[in-house]
Amino acid sequence: MGLTKQYLRYVASAVFGVIGSQKANIAYVNLRGGERGRYVAVAACEHVFIWDVRKGEKVLILQGQKHEVTFLCPSPDGIHIAVGYEDGAVRIFSLLNGESNVSFNGHKSAVSIIHYDGLGARLVTGSKDTDVIVWDIINECGLYRLKGHKDVITQALFLKDKNLLVTSSKDSFVKWWDLDTQHCFKTMVGHRSEVWGMLLLNQENRLLTGSADSELRAWDIHYLQEKKAEGEPKVKKGKGLLDDGDEDNEEGADESLEERILSCKKAGSILREARDRVVSLTADTRARVIACHGNDSVLELFTVLSDGEVQKKMTKKLKKAKKKAAKAQKDTEEEAAEPVVERMLKDEIIRLTNIKASAKIRWVDCLSCAGGELKVALLLQNNTIETYSLKTSDKTPTANKTARLTLGGHRTDVRTLAFSSDNLAILSASGDTVKVWNRSTLQVIRTMACEYALCSLFVPGDRQIILGTKSGKLQIFELASGSLLETVDAHDGALWSLCLAPDQRGIVTGSADKTVRFWEFELIKDQSSGQKRLTVKHTRTLQLEEDVLLVKFSPDHRLLAVSLLDCTVKIFYTDTLKFFLSLYGHKLPVLCLDISHDNTLIATGSADRNVKIWGLDFGDCHRSMFAHDDSVMFLQFVPKTHLFFTAGKDKKIKQWDADKFEHIQTLEGHHREVWCLIISPNGDHIVSSSHDKSLRLWERTREPIILEEEREMEREAEFEESLAKGDVPVVPGETQGEAAPAGKKTIETVKAAERIMEALELYKEEARKMEEHKYACENAGKELPPPKPNPILVAFGNVSPSRYVLDVIKKVRSSELEVSLLVLPFPYVPELLKLFNSYIQEGLDVELVCRCLFFLVKIHFGQITSNQMLLSVIDELRTNTLSKVREIRDVMGFNSAALQFLQREIESKEEVMFFAEATGRLEEKKKKRRKRERAVLTIA
């Protein structure tokens, strides 16, 4: 069947209008050669935007795929950033070129926390699926999954000097994990409700936790000596009468076990001013300043004093106490006891200041800079980023606002969009502002304050715009000056709809006050400036029985369609306003409608999730289609065609054919309800706006859509999704414990296992061919021409079949290797083990082969040990593997020793310490240069 009707594909072109999404945090990042505290990373739906806060410009976009970003964490070296997504994936991007080479798949739902260890070699991720996974970044694979929490993980921190991990969760517990043995050795149960945030202070000797009340609880961590000498009797801990019975003694039997690594004791708590839960709790890198906020617009800053400062404070206190005691002694003339001053938590952590932001705060990040300056970046709930700076060394530090990013987006949801007649400008209006964007650069050209806008249009000539507002007013703006020309009190209720007359001489408005009003454009002389300006003059009114939701002229100006709150659409003659047709059939009000360019069809979309197509001659319903999984919010015909687009609260935009009643394509991208969309007058562009604060531009390509293929692709995607949802195969003989493998079964791991199986099949086939060839040569008594190799092997440059198998294994992503081998059926394993033996003998990729070998032996241990045929193979592998690994280790040891020798030689020649000193000197030089630059700036 040929292409009888050609449909062209629309593709996503850009996301704009969003400054920072609420789902993920804000983080300071370093870009090459940039100063500290100048760049912040925020999520923007599925992408990550890096903003230069000084210039207010986007400098880098880290492209996502389709799931929303839920967490960001820059690496300690500042070169990479780890990004967690809604589907549980984690990708690591380079901040130098914005590309992602490493990705990890282990979680079943959104990633809620990510942290690097001190070296940046390991990554810990926590998720809504209650698991904590530790990943090895250098080897690009998962190490293990830690299970134990019963709710969303809210924080996970590595300790610098010890191989320990501490995690907190909404299940109200804080757990300590020993990463050497991968088990939880301590659970802290001192919280009444969810633990929302957690920090390590004082060289990791104190833990600070934020919960659902106004207390920040502090816990002293005491690291115990590893072991007692053997044979030393255990001291029984007697419990005195005065001992506090509220200690965490629930784990009575395991007392000796938990006291082996560390003990935690509550040190007190700090009171916050806010009454609600801690939304985010963070500290600067040196853990000297703590920032914390609730659901309001106040950020509270605390400072952690060093031991020296606390000591000074305590001596002062003691002096005071001694004076007081001496005075008291004088008055009473009795011997007084020596005064004692106790060191309290409030002496160590003191309130610094509060910062009042312009709206509710969603996330915070802070950064300590040279000269005691603290920089704070706030992501607000109304699509804004604010940065503040304060001097912590001042007696009473005050925060100065250094930047506010608001220009590139609206504070509230965009409810109405319009395209200019030349397809170049886009108008978007929200609850407080109207913005005009350049379509090609996506830059804001004009921003004007307005009332709550519900509908909008460009006046013919594109020099003015008209908005209809919630209070029933018409607002006319001039674009050249960006000024409000006039506000007309048009209706008594919300002005829901505006439509330009086809003759372009006037407009019609429909409102909740049950009237439709007709207006004509007029030029009048402005009293103040003496210039002529545009206004609208009311000409006629149509009174109706119900609230008017929509008004629309037919393109020939003959008819006017009006959607009413009684779920019907009434059609009137424009000239006489006589009633012509009533379209009824929708169960809920019609929220959107459009009339085709040739005046033959009218399409209506309703809150009942259906779209109906009617004939305009008799008002008969041609077809009713179930269009979206929620209300249909917007509908518009593509100019000069019978194709139309609908937008729904189900986050989707769909294209339909009104002649064949076919669904053509679905545009997926928005993460919340889509409020409206607008198609450009030439049909090449679509702009849509959504509750996720983003505006999206879609472009028409020249690529045709074949409907059968589209449906086939949809079915395939559905099948792949269901395939990945299956459980990971069970390893025989293993019980579910606290630790589990990190990876999860995905469509990629299944495909990788299939590729390995295909490669092994090909290897067997080639081996069989060679056997037959050898046998034939023996029978013939002469050398016959060799059989033709498999075309795949020829395509890979005539590689041997065994090398081809190794190449396939090498191409499997490091993070997916274990799960791919886990999916591999056992009959393939013996062949693979024989191949591994030959690879190790030849010294090919020994590390990778060993990794695969040990994993296969571990999971198929029972079957391999009970198989007599594999005895010789395993024995050979044992000797070969040991000798090869020793060989590699010796080479590495030799190289390492040689490098150290060279380093010593160079140091003795140049009499400078090699790495440490060089970096130290570089830092000093940089500091001096910065000071010079500052001095120049202040003079200037």
Side-chain angles (χ1 to χ4, degrees), residues 23-25 67-73 82-91 103-117 122-136 141-159 164-179 181-199 207 209-212 250-251 277-281 724-731 734-746 815 818-819:
K23 268 280 176 79
N25 58 323
H67 295 281
E68 259 182 303
V69 174
T70 55
F71 204 84
L72 308 171
C73 179
V83 181
Y85 293 90
E86 184 76 42
D87 63 336
V90 176
R91 289 167 72 198
S103 66
F104 298 128
N105 270 313
H107 292 293
K108 294 184 186 71
S109 56
V111 176
S112 58
I113 190 76
I114 303 178
H115 262 285
Y116 279 90
D117 68 349
R122 288 178 304 172
L123 193 69
V124 60
T125 59
S127 160
K128 283 188 178 172
D129 63 8
T130 75
D131 290 350
V132 176
I133 302 183
V134 180
W135 308 90
D136 179 346
C141 67
L143 294 174
Y144 35 81
R145 178 191 300 265
L146 303 171
K147 296 163 172 270
H149 282 294
K150 301 278 185 289
D151 208 333
V152 181
I153 309 296
T154 54
Q155 186 61 286
L157 302 166
F158 284 108
L159 269 71
L164 304 178
L165 178 75
V166 55
T167 59
S168 68
S169 162
K170 276 172 70 176
D171 61 8
S172 83
F173 298 132
V174 172
K175 284 181 180 284
W176 290 84
W177 306 83
D178 182 349
L179 297 183
T181 55
Q182 293 139 44
H183 82 286
C184 171
F185 65 87
K186 186 175 185 63
T187 301
M188 291 164 59
V189 293
H191 298 90
R192 302 271 185 285
S193 54
E194 301 99 334
V195 182
W196 288 102
M198 181 171 67
L199 291 173
L207 188 73
T209 56
S211 184
E250 281 90 336
E251 302 93 342
R277 77 172 180 92
V278 170
V279 174
S280 72
L281 174 67
K725 276 189 183 138
D727 288 334
V728 171
V730 178
V731 180
E734 289 228 345
T735 52
Q736 281 288 326
E738 275 186 326
K744 74 166 181 181
K745 182 177 163 190
T746 62
S815 57
E818 269 90 358
V819 187

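Everything quoted here is computed from the prediction, not taken from an experiment.
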Peer 1: Drop me the distance from D151's CG to S169's OG, to the nearest 0.5 angstrom.
Peer 2: 5.0 Å

Peer 1: Looking at residues at least two apart in the chain, or sitting in another chain, which of them share a ring-ring contact (aromatic ring centres under 6.0 Å, His included) with W177?
Peer 2: none

Peer 1: Quick one: closest heavy-atom pair of V132 and L165, and the distance?
Peer 2: CG1-CD2, 3.9 Å

Peer 1: What's the shortest heavy-atom distance between L157 and M198, and which atoms?
Peer 2: CD1-O, 3.9 Å

Peer 1: Closest approach of V195 and S168, non-hydrogen atoms and distance?
Peer 2: CG1-CB, 3.6 Å

Peer 1: Quick one: closest heavy-atom pair of S103 and S815, and the distance?
Peer 2: O-OG, 3.0 Å

Peer 1: Is R122 reaching over with its side chain to a backbone N or O of L143, donor-acceptor style, under 3.5 angstrom?
Peer 2: no

Peer 1: Does the side chain to side chain contact (heavy atoms under 4.5 Å, CB included) test come out yes or no for T154 and E194, once each step is laid out?
Peer 2: CA-CA 9 Å; T154 54; E194 301 99 334; over 6 Å; no

Peer 1: What distance separates H67 NE2 from K23 NZ, expressed to the nearest 0.5 Å?
Peer 2: 11.5 Å

Peer 1: Contact between Y144 and L179 at the side-chain level, heavy atoms closer than 4.5 Å - yes or no?
Peer 2: yes

Peer 1: Going by side chain to side chain donor-acceptor pair (under 3.5 Å), name the residues that satisfy it together with T70, two or more places apart in sequence or in a different chain.
Peer 2: none

Peer 1: Could you measure the distance from the OG1 atom of T167 to the CD1 atom of I113? Nearest 0.5 Å is fine.
Peer 2: 11.0 Å

Peer 1: Just wondering, do W196 and K170 contact through their side chains at under 4.5 Å, heavy atoms?
Peer 2: yes

Peer 1: Do V111 and Y85 make a side-chain contact, defined as non-hydrogen atoms from C-beta onward lying under 4.5 Å apart?
Peer 2: no

Peer 1: Crowded around K128 NZ? As in, over 12 foreign heavy atoms under 6.0 Å?
Peer 2: no

Peer 1: Quick one: NZ on K150 to OG on S172, what's the gap to the nearest 0.5 Å?
Peer 2: 11.0 Å

Peer 1: How far does CE of M188 sit from CG of L207, to the nearest 0.5 angstrom?
Peer 2: 5.0 Å

Peer 1: Would you please name every residue forming a ring-ring contact (aromatic ring centres under 6.0 Å, His included) with H115, sequence neighbours left out?
Peer 2: none

Peer 1: Which residue in the set D129, T125, D131 passes side-chain hydrogen bond (donor to acceptor under 3.5 Å, both in side chains) when paired with S127?
Peer 2: D129

Peer 1: Could you check whether any side-chain heavy atom of V90 comes within less than 4.5 Å of a side-chain heavy atom of I133, counting everything from C-beta outward?
Peer 2: no

Peer 1: Report the relative orientation of the aromatic rings in W135 and H107; use parallel for angles under 30°, tilted for 30 to 60°, perpendicular for over 60°.
Peer 2: perpendicular

Peer 1: If I take atom OG from residue S112 and atom CG from residue N25, how far apart are they, to the nearest 0.5 angstrom?
Peer 2: 11.0 Å

Peer 1: Of all heavy-atom pairs between L164 and F185, which one has the smallest distance, and what is that distance?
Peer 2: CD2-CE2, 3.8 Å

